[in-house]
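Beneath this line is the structure, given in structure tokens, with notes to follow.
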Amino acid sequence: MSGEIRKRKAEHLELAGGGSVEPASGPGWDDVELVHEALPEAAAEEVDLAVELLGHRLELPLVIAGMTGGHPGAAELNAALGRAAQRHGCAVGVGSQRAALADPSLEPTYAALREAAPDAFVIANIGAAQLIPQGARPPLGPDEVARLIAMVDADALAVHLNFLEEAVQPEGDRAVRGCAEAIAALAAGLAVPLIVKETGAGMHEGTARRLLALGADALDVGGAGGTSFALVERLRAERQGDARGVLLGSLLADWGIPTAVAVASCSRAGLPVIATGGVRNGLDAAKALALGATAVGVARPLLLAAQAGADGPSRWIEDFALELRTVLMLTGCRRPGDLAERPRVLAGRVGRWVEALERQPAEAAR
Ligand SMILES: Cc1cc2nc3c(=O)[nH]c(=O)nc-3n(C[C@H](O)[C@H](O)[C@H](O)COP(=O)(O)O)c2cc1C
């Protein structure tokens, strides 16, 4: 099994690093307008970008979203992402660690990230689909979860919900029953905070409230409009001549709750929200913060930056910080948290989604 996972993880990097994996519909930032403040309170260089996430101070509201590990090329990428996180004081995640549980010789491809980022807020990663039985394969037990946290000396564990991807993926794990109970059992015995994250189809307030009740400490909304795993898996299905994956990947390329909508909706549940999915610059991030996010997550742009050169992720983050600082100044803010108190206008598709979801009780929105 570990050989299959290894190959898939390498293909994900290759395909996401190419083109055509982001849906035309977009994450919704164009429909979110921030309102200019003609009389600002702090110059851009006086803006303090630091935020607190799960009891840790981040020097800027950025999580380098988990992407990889488990194949030979992954160590270099994880080390580059770790170096950037260490330098800028942001959080950083590894990709799914299932491969290293199956084959411990792959552990260094994940541990490379922590070695490069001894002081950063590091997030371990596993799929919710691995917490329940999948055919004859038993679910992961508490000892295995403890192992993957220790592997990167993690400050938090992200459990990813990727049922769209599993549905399209030729060899996907299709069972779903018992996931909620498994998340609750995991949360009850976990030594670090639990982040539940979607990976590109988003979440709404009803799900956010259920996850809060199950014991999640934070949510990463993983909304639609950035990297689409329906599109990534469709490309893999095409290569394998898997007609089923091509059919579903084409149909569902645009499926999901746009990230801007997911942030606005989930922020009402009372958990810290990380806004991932199509965040491409500091202006997108400012819009996510205005909608209630504590921090944003970025994956594919940092993969592309790392492919362009070892220093790429660090340079990308420098530009991002400059953009965010400038927008905070222009909206009359001194720190990221101020944005949630500033006026904003929701138009078009996002305005309609947010209005419709807010009219329904959270439970009915299930
Ligand atoms: C190559 C690649 C691999 C990924 N692997 C994982 C993973 O193993 N676990 C996970 O939780 N998310 C994974 N993701 C999803 C990202 O964390 C993120 O939610 C998603 O890419 C949306 O962000 P983006 O639009 O900035 O790319 C992966 C993303 C990419 C691009």
Side-chain angles (χ1 to χ4, degrees), residues 29 32 34 40-66 81-82 84-93 117 119-123 154-158 192-197 208 212 216-223 259-260 262-264 266-299 301-302 313-314 316-342 344:
W29 307 125
V32 182
L34 300 178
E41 293 187 15
E45 56 272 22
E46 289 165 349
V47 167
D48 177 6
L49 288 181
V51 293
E52 194 186 296
L53 180 66
L54 296 170
H56 287 249
R57 179 186 160 96
L58 305 183
E59 297 305 324
L60 77 170
L62 176 67
V63 178
I64 301 177
L81 299 176
Q86 177 73 15
R87 173 148 174 218
H88 295 282
C90 62
V92 58
D119 306 309
F121 183 81
V122 168
I123 305 169
D155 300 292
L157 171 68
V192 295
L194 174 65
I195 302 171
V196 181
K197 89 188 269 284
L212 171 64
D217 297 296
L219 302 176
D220 179 335
V221 299
T259 306
V263 174
C266 290
S267 296
R268 293 157 57 93
L271 279 172
V273 162
I274 302 166
T276 307
V279 173
R280 298 296 174 254
N281 54 52
L283 177 56
D284 294 346
K287 291 178 177 182
L289 297 169
L291 294 173
T294 298
V296 300
V298 175
L302 289 161
S314 200
W316 191 95
I317 294 172
E318 271 164 32
D319 288 350
F320 170 88
L322 172 66
E323 292 160 355
L324 179 57
R325 242 172 222 299
T326 305
V327 176
L328 281 162
M329 181 272 287
L330 292 173
T331 46
C333 298
R334 291 177 176 276
R335 53 189 67 83
D338 295 346
L339 266 169
E341 314 297 326
R342 294 292 179 272
R344 58 184 169 66

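Predicted model, so just to flag it, every value in this text is computed and none were measured.
For R334, the salt bridge (charged side-chain N to carboxylate O under 4.0 Å, His left out) partners are E41, not counting sequence neighbours.
Using a 4.5 Å heavy-atom cutoff, the side chains of L328 and L49 are in contact. Side-chain contact between H56 and D155: present, with at least one pair of heavy atoms (C-beta onward) separated by less than 4.5 Å. Proximity of C333 to L289: side-chain heavy atoms (C-beta onward) are nowhere separated by under 4.5 Å. Contact of the K197 side chain with the I274 side chain is not registered, since no non-hydrogen atoms from C-beta on lie closer than 4.5 Å. No side-chain heavy atom of V296 sits under 4.5 Å from any side-chain heavy atom of P61.
A donor-acceptor pair under 3.5 Å is formed between the side chain of S267 and the backbone N or O of L291. A distance-only check finds a donor-acceptor pair linking the side chain of H88 to the backbone of S314 [under 3.5 Å]. In terms of modelled atom types and a separation under 3.5 Å, the side chain of D338 and the main chain of R335 share a donor-acceptor contact.
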Begin from the C-alpha positions of L53 and V63 and carry the test side-chain contact (heavy atoms from CB on, under 4.5 Å) through to its verdict. CA-CA 10 Å; L53 180 66; V63 178; 4.3 Å; yes
Apply salt bridge (charged side-chain N to carboxylate O under 4.0 Å, His left out) to E59 and R57, showing your working. CA-CA 6 Å; E59 297 305 324; R57 179 186 160 96; 2.9 Å; yes
Worked verdict on L283 versus W29 for side-chain contact (heavy atoms from CB on, under 4.5 Å): CA-CA 9 Å; L283 177 56; W29 307 125; over 6 Å; no
Where do M329 and E45 land on the side-chain contact (heavy atoms from CB on, under 4.5 Å) test, with the steps shown first? CA-CA 9 Å; M329 181 272 287; E45 56 272 22; over 6 Å; no
Going through the distances and angles, do I64 and I317 end up as a side-chain contact (heavy atoms from CB on, under 4.5 Å)? CA-CA 10 Å; I64 301 177; I317 294 172; 4.0 Å; yes
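Between R342 and T331, the side chains place no donor N or O within less than 3.5 Å of an acceptor N or O (distance only, hydrogens not considered).
In terms of heavy atoms, A156 sits closest to F121 at CB-CZ, 3.8 Å. The heavy-atom pair separating V279 from G297 by the smallest distance is CB-O, 3.9 Å. Among all heavy-atom pairs drawn from P336 and A50, the shortest one is CD-O, 4.0 Å. In terms of heavy atoms, A286 sits closest to L339 at O-CD1, 3.5 Å. Between A85 and A120, the shortest heavy-atom distance links the atoms CB-CB, 4.2 Å. Here the closest heavy-atom approach between residue A154 and residue V192 is recorded as O-CG1, 3.6 Å.
The structure places CG of L194 at 9.0 Å from CG of L219, a figure rounded to the nearest 0.5 Å. How far CG of L212 is from CG of L271: 4.5 Å, rounded to the nearest 0.5 Å. Taking CD of E318 as the reference point, atom CZ of R87 lies at 5.0 Å (rounded to 0.5 Å). For the atom pair L60 CG and F320 CZ, the distance stands at 6.0 Å (nearest 0.5 Å). To the nearest 0.5 Å, atoms CG (D220) and OG1 (T259) are separated by 9.5 Å. Residue L324 holds its CG atom at 9.5 Å from CG of L62, rounded to the nearest 0.5 Å.
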